[in-house]
Structures are given as C-alpha cells and as structure tokens.
Amino acid sequence: MVQTNTKTRIGTMRDYFESEKQLQFPQFLTMISLDSDEAAQLELAKEFLHQSNSDLDKRLALEYFDINQCYHELQYFIEVNKESMNPLNQSLAILYQFMLDLKNGTPVHEIRTQSKSVSVQHPELRCLKYFLYIEIDKKVYNYERIGYYLNKIQKYLRHLDNPLFITFFQIRMKNLLFHYYWKRNELILARKNAYEALQMPHHVKLKARLHLDLALSYIYEDFESSVYHIEEAKYIANCLDDQDTLEYIDSHTYPFICAHFGRVEGVSTKDPIERAHLEIARGNCELAIGMLEQLDMITPFTQYYLGLATKKQHFFIYSYQYFMEKRSDHFFARLPLKASEGLGI
C-alpha cells in the first residue's frame, strides 16, 4: 500500500548530479525510499532517469517504466536505448518495442515472427525474450505455457549481475504467476503470489491494477473483500492522479462487482455491457436484453448476461465454452456454470 506521507525530504536532482560521486539508479531508489512514499518515488525516479547518462540506468529505465505502466516514458527510453553505442542497450530496446507494440495492437503473428531475429546471448535479453513470449501467449488467452517460460526465466535470473534488475523481473514474475494461477482457478496460489507482489517495492502503479484483479478473485466469496481491494486500488490511483485506472474502476470493476452481488443502489456506469448487467440485477431483464442485443460485440460476458436475463441455457453453454476453449479461463467459466446450476437448468 502507498504510504500516507506524500511529502519528500529529498533535495533537488542537481544535488545528486553535482556531487563528487554520482549515484546510479539502484542507489538512488534506495535513498529516496527512506524519505518518500511510493507515489513520490515514481516522480523522482522519472526526473533522475531523464538526467542520468549511465548505460545501466538507461536499461533499468525500460523495465522500471514498463512494470509501472508509464508507457510514454517507456517509449522515450526505447528511443534513447536504440541510439546507444552499447549493443545490449540496443537489443533490449528492440524487445521492449515489441512489448509496447503488442500492447498497442500490433498483430501477434507479426511480433512473434519479428522477435525471432533478435539474438539473446546475454541473460537480461534471454529473460526479457521469455517475458515477451508470455505476453504474446496472454494476448491470445493461452495461459498454459506461462509456467514453462517462467521456469526458463528463473534459470537465467541467477546470472544477472544487477540486483535491481533481478527485483524488477521478480515483480513481473509474481504478477504473471498470480494471473497464471487465477485463470486456472487455483486461488490460494494466485493470492499468495499477488500478496507477495504487493509487498515488493518499485511498482506502485501496477499495484493498483493488481488490487483490482484481486477484487475480482473474491466474486465467489464475499462483497466486502472485493470492495476492500477496490478501495485500495482507488487510494493508489488517487495518489498518482491515475485517471485511466480511476475511470476503469468506475466504469467496469465496481459496477461489475456490485451487479454480481446485487448491491446496485446508486451505482451507474458508462460501459454498455455493465449497464445491462446492472439492469439485470435490478430485475429489468427486458431492458437489459434490448441493450445487449444492440451491441456489435459478442463476448463470453455478454452471453452470460443474456443467459441471466432470458434464463435460456444455450447462452450459458456458449459462455462457458468460450471461457474454457478460447480463453483457457477456468475462473470466469464458473460464472455461467453456477448460474445454470442456480436456475436448475
């Protein structure tokens, strides 16, 4: 959780860069963590990295901004590293560009083909290429090989010579393990990895998203646990002034959970799918059916909602098969299964 103290007693960046012994990024992060909260650390780190001339710092900036979902800064340092005279910096920049392109919608087959041309003799590169393969598989909802790739990464982690790189990659691994076990519906192992990730430093923005996923992991248990993690995510997002995450909470996560538990008084959303979900929870099934039938998209959630509204089994069957066969998602596949059982059909 972000600490409540939002002020920092650290001096200006000029003090660091004019000192006789210039700090590198790992030492800088250690120093500011003593006197500033996680939100302030992120802003100070941005300023420090923009002024550093160290090749190592420029490489660390790539992973730091990626795990913090600061994609504008990530793109900037991709360009910086592409221009570096250091071949390792150049190769890392190429792999991070693939990661960013994947997030921005470049077709999976293009990234998969292009990534094969990158030589990965250095352990940093080997680890990152396996992380890229994981992201490619996640993009097409293939969670089965995550464990295989993470075992490969673990083997190369011990060969990394910078402890901060190891920490950053371990953060990424914990988050991936959470999603891997979550989608397999192995919630004890999923939450173990999530809570361990939340205790690790240097990825405050990602912690908000992790809390939102943890909120969803409690939908078969209790409303209060889900809302607790939503509030944690909102607190972090407010500290960071992260409007994207706040909008996602208000339009998707919170209304979904409220509708699921039937706690819909005063709840609204701009998301048309979740708006229909809320109407179903209010008993306005005909209105919800009309809203869902007007949508161009068909997802396992829209079919599940149509099953709830119409009480017709074929919608639940379609939703269940879609979750299981196209998304390898054992967790959310429980939604149509439980609804079908609950309706006695």
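Bear in mind that the values here come from a model prediction, so they are computed numbers and not experimental data.
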Asker: Does R184 make a cation-pi contact with Y143, if we ask for NZ or CZ under 6.0 Å from the ring centre and within 45° of the axis?
Answerer: no

Asker: Kindly indicate whether the side chain of Y130, heavy atoms from C-beta on, has any atom under 4.5 Å from the side chain of Y156.
Answerer: yes

Asker: Salt bridge or not between E38 and K207? Use side-chain N to carboxylate O under 4.0 Å.
Answerer: yes

Asker: What pairs of residues pass the side chain to side chain donor-acceptor pair (under 3.5 Å) test when at least one of them lies in residues 300-309, not counting sequence neighbours?
Answerer: E274-Y305, H277-Y305

Asker: Got a second to check how far W182's CH2 is from L176's CG, nearest 0.5 Å?
Answerer: 13.0 Å

Asker: Evaluate whether atom OH of Y148 has more than 12 neighbouring non-hydrogen atoms of other residues, nucleotides or ligands under 6.0 angstrom away.
Answerer: no

Asker: Rounded to the nearest 0.5 Å, how far apart are CD of E286 and OG1 of T310?
Answerer: 9.5 Å

Asker: Could you measure the distance from the CD atom of Q114 to the CZ atom of F98? Nearest 0.5 Å is fine.
Answerer: 5.0 Å

Asker: Would you say the side-chain atoms of T106 pair up with the backbone N or O of L102, donor to acceptor, closer than 3.5 Å?
Answerer: no

Asker: Answer yes or no: is there an ion pair linking E196 with K192, defined by an N-O contact shorter than 4.0 Å?
Answerer: yes

Asker: Does the ring center of F77 lie less than 6.0 Å from the ring center of F65?
Answerer: yes

Asker: State plainly whether the residues E341 and K338 are in salt-bridge range, i.e. N to O under 4.0 Å.
Answerer: no

Asker: Are any non-hydrogen side-chain atoms of L335 and I219 less than 4.5 angstrom apart?
Answerer: yes

Asker: If the test is ring pair (Phe, Tyr, Trp, His ring centres under 6.0 Å), which one of F223, Y254, Y218, Y235 qualifies with H229?
Answerer: Y218

Asker: How far does CG of L74 sit from SG of C70, to the nearest 0.5 angstrom?
Answerer: 9.0 Å

Asker: Can you name the salt bridge (Lys or Arg N to Asp or Glu O under 4.0 Å) partners of K58, sequence neighbours left out?
Answerer: none

Asker: Could you note down all residue pairs passing salt bridge (Lys or Arg N to Asp or Glu O under 4.0 Å) where residues 76-95 supplies at least one of them, sequence neighbours left out?
Answerer: E79-K82

Asker: Measure the spacing between CD1 of I67 and CZ of R172 and express it to the nearest 0.5 Å.
Answerer: 7.5 Å

Asker: Among pairs that include at least one residue of residues 233-251, which meet salt bridge (Lys or Arg N to Asp or Glu O under 4.0 Å), considering only residues two or more places apart or in two chains?
Answerer: none

Asker: Please list all pairs meeting side chain to side chain donor-acceptor pair (under 3.5 Å) that have one or both residues in residues 255-271, counting only residues at least two apart or in different chains.
Answerer: none

Asker: For residues 113-134, which residue pairs qualify under salt bridge (Lys or Arg N to Asp or Glu O under 4.0 Å), counting only residues two or more places apart or in two chains?
Answerer: R59-E124

Asker: Is there a donor-acceptor pair closer than 3.5 Å between any side-chain N or O of N284 and the backbone N or O of I280?
Answerer: no

Asker: Using the side-chain hydrogen bond (donor to acceptor under 3.5 Å, both in side chains) criterion, which residues pair with N238? Sequence neighbours excluded.
Answerer: none

Asker: Quick check: does any side chain N or O of H203 sit under 3.5 Å from a backbone N or O of A197, one acting as donor and the other as acceptor?
Answerer: yes

Asker: So does E144 get a backbone contact from the side chain of D137, meaning a donor-acceptor N/O pair under 3.5 Å?
Answerer: no

Asker: I'd like to check the side-chain hydrogen bond (donor to acceptor under 3.5 Å, both in side chains) partners of R209; sequence neighbours left out, ordered by chain and number.
Answerer: T245

Asker: Are any non-hydrogen side-chain atoms of L92 and N81 less than 4.5 angstrom apart?
Answerer: no

Asker: Please check if the distance between the ring centroids of Y76 and H50 is under 6.0 Å.
Answerer: yes

Asker: Starting from L287 and following side-chain heavy-atom contacts under 4.5 Å between hydrophobic residues (I, L, V, M, F, W, Y), which residues can be reached?
Answerer: M291

Asker: Are the side chain of T167 and the backbone N or O of P163 linked by a donor-acceptor pair below 3.5 Å?
Answerer: yes

Asker: Only counting residues at least two apart or in another chain, list the ones meeting salt bridge (Lys or Arg N to Asp or Glu O under 4.0 Å) with E110.
Answerer: none

Asker: Quick one: do the Q75 and Y96 side chains pair a donor with an acceptor below 3.5 Å?
Answerer: no

Asker: Can you tell me how far the OG atom of S251 sits from the CD1 atom of I273, to the nearest 0.5 Å?
Answerer: 11.0 Å

Asker: Does P336 offer a backbone N or O that forms a donor-acceptor pair with the side chain of S340 under 3.5 Å?
Answerer: no

Asker: Does E221 come within less than 4.0 Å of R191, counting only side-chain N to carboxylate O?
Answerer: yes

Asker: Kindly state each residue pair satisfying salt bridge (Lys or Arg N to Asp or Glu O under 4.0 Å) with at least one member in residues 94-105, sequence neighbours excluded.
Answerer: D66-K103

Asker: Could you list the donor-acceptor pairs under 3.5 angstrom formed between side-chain atoms of residues 318-328 and any protein atom two or more places apart in sequence or on another chain?
Answerer:
{"unit_1": "S319", "atom_1": "OG", "unit_2": "P300", "atom_2": "O", "d": "2.7"}
{"unit_1": "S328", "atom_1": "OG", "unit_2": "Y141", "atom_2": "O", "d": "3.4"}

